[in-house]
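For reference, the structure is listed below as structure tokens.
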Amino acid sequence: MRLQVYLSHAGVASRRAAEDIIAQGRVSVNGIVITTQGSKVQEGDVILLDGKPLFLENRKLYYALNKPPGFICSSSDPQDRPLALSLIPSHVTERLYSIGRLDFLSCGLIFFTNDGNFASRLGHPSTALEKEYIVEATGIISDEVIDAFNNGVTIEDVHYKAKSAQRTGRKSLRIILIEGKNREIRRVFSRFHLHPCLLRRVRIGSVQLGTLAEGTCRPLTDKELSNLNHTEFTEKYGGHGGKKKV
């Protein structure tokens with residue numbers, strides 16, 4: 001088994017994120033630090049991450065969390081800010097990680113899992129997975145802002161474009177993103193001298209935030225997992241629920 005696959009199956013991170021962890025020199029196999037991709041491991045090898053042993057996990061878990069503002073989506077934080085991961089119930093002993101991120105001040109729906117393959121598929125831009133947000137601004141939102149989201153706008157050589165942006169009030173919008181580039185909504189607002197005082201994700205694909213209380217989580221249902229594993233991907237990959245062959 002390739003080392004990055006082992007890390008994802010051990011609940012460390014998605015396969016792509018595991019490649020970064022290896023490149024950082026944080027993983028050793030039988031006492032040797034590995035920094036190159038493609039290394040293989042086998043049964044009996046001693047694999048350490050940051051000096052701590054890793055083991056394959058047999059149980060796959062999938063949680064939806066309503067992240068409050070003021071929590072960071074990371075496994076650790078040098079500034080000692082609260083971790084969204086700490087909101088997962090203490091009886092869950094498996095090592096979970098988030099699929100994508102919500103920034104420190106944003107809130108709403110985010111997934112946690114220990115299934116690397118699931119995380120890689122959902123996190124890849126080519127899945128065209130919709131993410132819906134409710135945004136409230138500190139000032140009145142002009143039509144120019146809505147046009148920028150719908151028609152696209154380039155800021156510091158990065159092009160941002162929503163699937164749709166609709167006004168819900170003088171100071172509020174409902175925005176649907178597909179790729180969701182880093183801090184996309186905040187950067188477009190800043191372009192027009194606005195600041196979101198509320199940025200809440202209310203939907204990922206077919207999964208709704210609904211009445212899930214802030215700071216709490218729940219397992220994804222079998223129906224939700226089925227939709228995420230098949231419906232979203234069959235549209236992109238031609239009905240097989242897997243990656244397109246090239």
Side-chain angles (χ1 to χ4, degrees), residues 8 11-18 20-21 57 60-77 79 81-92 94-136 162-163 173-187 196-229 231-233:
S8 70
V12 171
S14 68
R15 196 174 302 182
R16 286 192 300 163
D20 292 335
I21 291 172
E57 294 180 344
K60 300 301 183 185
L61 300 177
Y62 312 88
Y63 278 91
L65 171 72
N66 184 350
K67 185 187 94 67
F71 282 74
I72 188 169
C73 296
S74 178
S75 58
S76 63
D77 181 51
Q79 300 179 42
R81 292 172 293 182
L83 304 179
L85 187 60
S86 69
L87 300 172
I88 302 294
S90 58
H91 65 77
V92 178
E94 285 83 356
R95 187 197 303 257
L96 304 184
Y97 51 89
S98 63
I99 302 177
R101 298 194 176 191
L102 285 170
D103 67 38
F104 183 66
L105 296 177
S106 299
C107 60
L109 185 62
I110 188 167
F111 297 154
F112 280 83
T113 187
N114 61 343
D115 186 338
N117 291 334
F118 178 79
S120 292
R121 290 199 304 272
L122 257 63
H124 199 282
S126 64
T127 61
L129 189 66
E130 289 187 358
K131 300 175 184 68
E132 183 176 339
Y133 301 81
I134 298 297
V135 189
E136 296 179 5
K163 180 175 182 180
L173 298 178
R174 182 181 302 271
I175 299 174
I176 297 177
L177 301 180
I178 296 296
E179 184 175 351
K181 296 173 182 175
N182 185 36
R183 299 178 64 83
E184 178 167 348
I185 293 174
R186 294 186 185 279
R187 285 176 175 168
C197 55
L198 172 70
L199 202 168
R200 174 179 289 123
R201 185 156 63 195
V202 297
R203 179 173 63 87
I204 300 175
S206 57
V207 180
Q208 301 279 350
L209 179 63
T211 58
L212 184 63
E214 192 169 83
T216 66
C217 66
R218 64 169 178 82
L220 291 175
T221 66
D222 290 342
K223 182 177 181 181
E224 288 170 336
L225 285 171
S226 178
N227 286 338
L228 289 168
N229 276 316
T231 304
E232 309 295 347
F233 302 114

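Atoms CG and CG, from D103 and L199 in turn, are 7.0 Å apart once rounded to the nearest 0.5 Å. For the atom pair CZ (F112) and CD1 (I99), the distance works out to 9.5 Å, reported to the nearest 0.5 Å. Here the straight-line distance linking atom CG of L85 with atom NZ of K67 works out to 12.5 Å at 0.5 Å rounding. The line from NZ of K60 to CG of N117 is 7.5 Å long, rounded to the nearest 0.5 Å.
Nearest heavy-atom pair, I110 versus G100, reported as atom, atom and distance to 0.1 Å: CD1-O, 3.7 Å. Of all non-hydrogen atoms in C217 and P89, the two that sit nearest each other are SG-CD, 3.3 Å. Annotation for A64 and L220: closest pair CB-CD2, 3.8 Å, computed over non-hydrogen atoms. When all heavy atoms of I88 and L96 are compared, the pair lying nearest together is CG2-CD1, 3.9 Å. Shortest non-hydrogen contact noted between A18 and A13 is N-CB, 4.2 Å. Minimum interatomic distance between E94 and L61 (heavy atoms only, all atoms of both residues): OE1-CD1, 3.4 Å.
A 4.5 Å side-chain heavy-atom check between F71 and S86 finds at least one atom pair inside the cut-off. The closest side-chain heavy-atom distance from V202 to L109 is not below 4.5 Å. Using a 4.5 Å heavy-atom threshold, the side chains of S75 and R95 count as separate. Side-chain contact check for L173 versus Y133: every heavy-atom pair is 4.5 Å or farther apart. Between S120 and S8, the closest side-chain pair of non-hydrogen atoms is not below 4.5 Å. Contact of the T113 side chain with the Y63 side chain is not registered, since no non-hydrogen atoms from C-beta on lie closer than 4.5 Å. Between E132 and R201 the shortest side-chain heavy-atom distance does not fall below 4.5 Å. Looking only at side-chain heavy atoms (C-beta outward), L65 and F111 stay at 4.5 Å or farther from each other.
For the side chain to side chain contact (heavy atoms under 4.5 Å, CB included) with C107, the qualifying choice from I134, L198, L209, L102 is L198, the only one to do so.
Panel note: side chain R203, backbone G205; a donor-acceptor pair is recorded below 3.5 Å.
The pair K163-E130 meets the salt-bridge criterion, with a side-chain N (NZ, NE, NH1 or NH2) lying under 4.0 Å from an Asp/Glu carboxylate O. Using a cut-off of 4.0 Å between Lys/Arg side-chain N and Asp/Glu carboxylate O, R218 and E224 are scored as salt-bridged.
Residues passing the salt bridge (Lys or Arg N to Asp or Glu O under 4.0 Å) test with R81 are D77, sequence neighbours excluded. Not counting sequence neighbours, F104 has no partner by the ring pair (Phe, Tyr, Trp, His ring centres under 6.0 Å) test. E136 meets the salt bridge (Lys or Arg N to Asp or Glu O under 4.0 Å) test with no other residue; sequence neighbours excluded.
Checked by atom type, the side-chain pair Y97/N114 shows no donor-acceptor distance below 3.5 Å. Judged purely by distance below 3.5 Å, without hydrogens or angles, the side chains of S106 and R186 pair a donor atom with an acceptor atom. Under the 3.5 Å distance criterion, with hydrogens and angles disregarded, no donor-acceptor pair is assigned to the side chains of N66 and R200.
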